[in-house]
Amino acid sequence: ELIVVTDVLTGERLAEQRFQGTSPQLSAVNSGDSVLLSGAQTGVALWNWRDGSFETLVTPDNRIRLAVLAAEDQLLVTADEKNRLLLWNVRTRQVIGKAAMLPGHADALWGFSEPNQIVVRSGYWLQTYSLSPAGLVAEASVLLPEATAVVQPSAAKSLAKVLVQVGSS
């Protein structure tokens with residue numbers, strides 16, 4: 001797979017990188033100069049597109065489907081093929097706490113630094129987890145009538161804006 005970083009104002013191609021595996025999941029990093037790549041065949045890697053450096057955070061034998069950084073990019077949350085969520089310390093590459101089990105495979109992950117939490121979508125289910133020194137703490141679970149497209153935290157830290165895509169008939 002070829003991953004390309006493009007300046008949206010000028011259309012200029014800023015960087016590109018070939019990535020082993022099929023259909024890697026991409027996630028932007030808060031600093032803006034890196035991209036988080038994840039996939040079952042490749043694990044989780046951090047590509048700094050400005051200097052070209054490439055760093056493996058989680059090896060492929062963990063069978064990761066999705067990954068997202070949170071807590072100012074100090075923590076990593078992964079969803080694997082066994083429907084588990086794991087919290088990782090980015091610096092030490094160690095799992096923090098126990099795995100949280102999902103009701104099905106994770107379709108999307110969103111990470112937030114304020115507050116330190118993640119939201120995961122499994123089908124029509126949305127689940128919120130706080131990130132603590134002891135690991136993932138389940139906060140809320142809700143079944144929505146439509147699958148969620150985007151989740152964004154609101155100014156009131158206990159709320160989130162949820163965008164769903166509804167087909168027309």
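The figures here come from the full heavy-atom set of this structure, side chains too, leaving out hydrogens, waters and symmetry mates. Just so you know, these numbers come straight off a predicted model, no measurement behind them.
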K.L.:
Starting at CD of Gln127, measure out to OG of Ser122 and round the result to the nearest 0.5 Å.
P.N.:
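Reported value, rounded in 0.5 Å steps: 6.0 Å.
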
K.L.:
Between CH2 of Trp47 and CG of Asp33, what distance do you get to the nearest 0.5 Å?
P.N.:
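Rounded to the nearest 0.5 Å, the CH2-CG separation comes to 11.0 Å.
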
K.L.:
Answer yes if Trp88 and Leu36 sit in the same cluster of Ile, Leu, Val, Met, Phe, Trp and Tyr residues linked by side chain heavy atoms under 4.5 Å apart, and no otherwise.
P.N.:
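Yes, same cluster.
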
K.L.:
What donor-acceptor contacts under 3.5 angstrom involve side-chain atoms of residues 52-60, with partners at least two apart or in another chain?
P.N.:
from, atom 1, to, atom 2, distance (Å)
Ser53, OG, Asp51, OD1, 2.7
Glu55, OE2, Arg93, NH2, 2.2
Thr59, OG1, Asp61, OD1, 2.2
Thr59, OG1, Asn62, ND2, 3.2

K.L.:
How far does CD1 of Ile64 sit from CD of Gln25, to the nearest 0.5 angstrom?
P.N.:
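Here the rounded value is 12.0 Å.
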
K.L.:
Any idea which heavy atoms bring Val44 and Ala67 closest together, and the distance?
P.N.:
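Heavy atoms of Val44 and Ala67 come nearest at CG2-CB, 3.8 Å.
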
K.L.:
Do Trp49 and Ser34 pass the side chain to side chain donor-acceptor pair (under 3.5 Å) test, and can you show the C-alpha distance, the side-chain angles, and the key distance before you say yes or no?
P.N.:
CA-CA 6 Å; Trp49 60 268; Ser34 296; over 6 Å; no

K.L.:
Is the closest side-chain heavy-atom distance between His105 and Arg65 below 4.5 Å?
P.N.:
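In short, these two side chains touch, coming nearer than 4.5 Å.
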
K.L.:
Using atom types as modelled, flag every donor-acceptor pair under 3.5 Å from a side chain in residues 3-14 to any protein atom, sequence neighbours excluded.
P.N.:
from, atom 1, to, atom 2, distance (Å)
Asp7, OD1, Leu9, N, 2.8
Asp7, OD1, Thr10, N, 3.2
Thr10, OG1, Glu12, N, 3.1
Arg13, NH1, Glu16, OE1, 2.7

K.L.:
Which pair of heavy atoms, one from Ala71 and one from Asn116, lies closest together, and at what distance?
P.N.:
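For Ala71 versus Asn116, the nearest heavy atoms are CA-OD1, 3.3 Å.
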
K.L.:
Are Val95 and Leu109 connected in a single hydrophobic cluster, I mean Ile/Leu/Val/Met/Phe/Trp/Tyr linked by side-chain heavy atoms less than 4.5 Å apart?
P.N.:
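No; tracing contacts between hydrophobic side chains, which count when under 4.5 Å, never links both residues.
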
K.L.:
Compare all side-chain heavy atoms of Thr78 with those of Leu66 and state whether any distance is below 4.5 angstrom.
P.N.:
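Side chain of Thr78 against side chain of Leu66, heavy atoms only: no contact under 4.5 Å found.
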
K.L.:
Would you name the heavy atoms of Gly123 and Asp107 that are closest together and state the gap between them?
P.N.:
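Closest approach of Gly123 to Asp107: N-OD2, 2.6 Å.
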
K.L.:
Determine the sole option in Val120, Ile118, Val119 for which the side-chain contact (heavy atoms from CB on, under 4.5 Å) test with Val68 is passed.
P.N.:
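By the side-chain contact (heavy atoms from CB on, under 4.5 Å) criterion, Val68 pairs with just one of Val120, Ile118, Val119: Ile118.
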
K.L.:
What side-chain donor-acceptor pairs closer than 3.5 Å can you find for residues 136-145, not counting sequence neighbours?
P.N.:
from, atom 1, to, atom 2, distance (Å)
Glu139, OE2, Ser130, OG, 2.8

K.L.:
Go through it in stages, so that I can follow the logic: the residues are Val90 and Gln74, the test is side chain to side chain contact (heavy atoms under 4.5 Å, CB included), and I'd like the CA-CA distance, side-chain angles, deciding distance and then a yes or no.
P.N.:
CA-CA 6 Å; Val90 171; Gln74 300 303 306; 5.7 Å; no

K.L.:
Measuring from Ser38:OG to Asp80:CG, what's the distance to the nearest 0.5 Å?
P.N.:
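It is 11.5 Å, given to the nearest 0.5 Å.
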
K.L.:
Return the CG to CZ distance between Leu102 and Arg84, rounded to the nearest 0.5 Å.
P.N.:
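Between atom CG of Leu102 and atom CZ of Arg84 there are 10.5 Å.
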
K.L.:
How about Leu75 and Leu87: do any of their side-chain heavy atoms sit closer than 4.5 Å?
P.N.:
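Leu75 vs Leu87: side chains touch.
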
K.L.:
So, taking the atom named CG in Leu76 and the one named CG in Leu86, what distance separates them when rounded to the nearest 0.5 Å?
P.N.:
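Here the interatomic distance stands at 9.5 Å.
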
K.L.:
Taking all heavy atoms of Ala134 and all of Ile96, pick out the closest pair and write down the distance.
P.N.:
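Minimum heavy-atom contact is C-CG2, 4.0 Å.
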
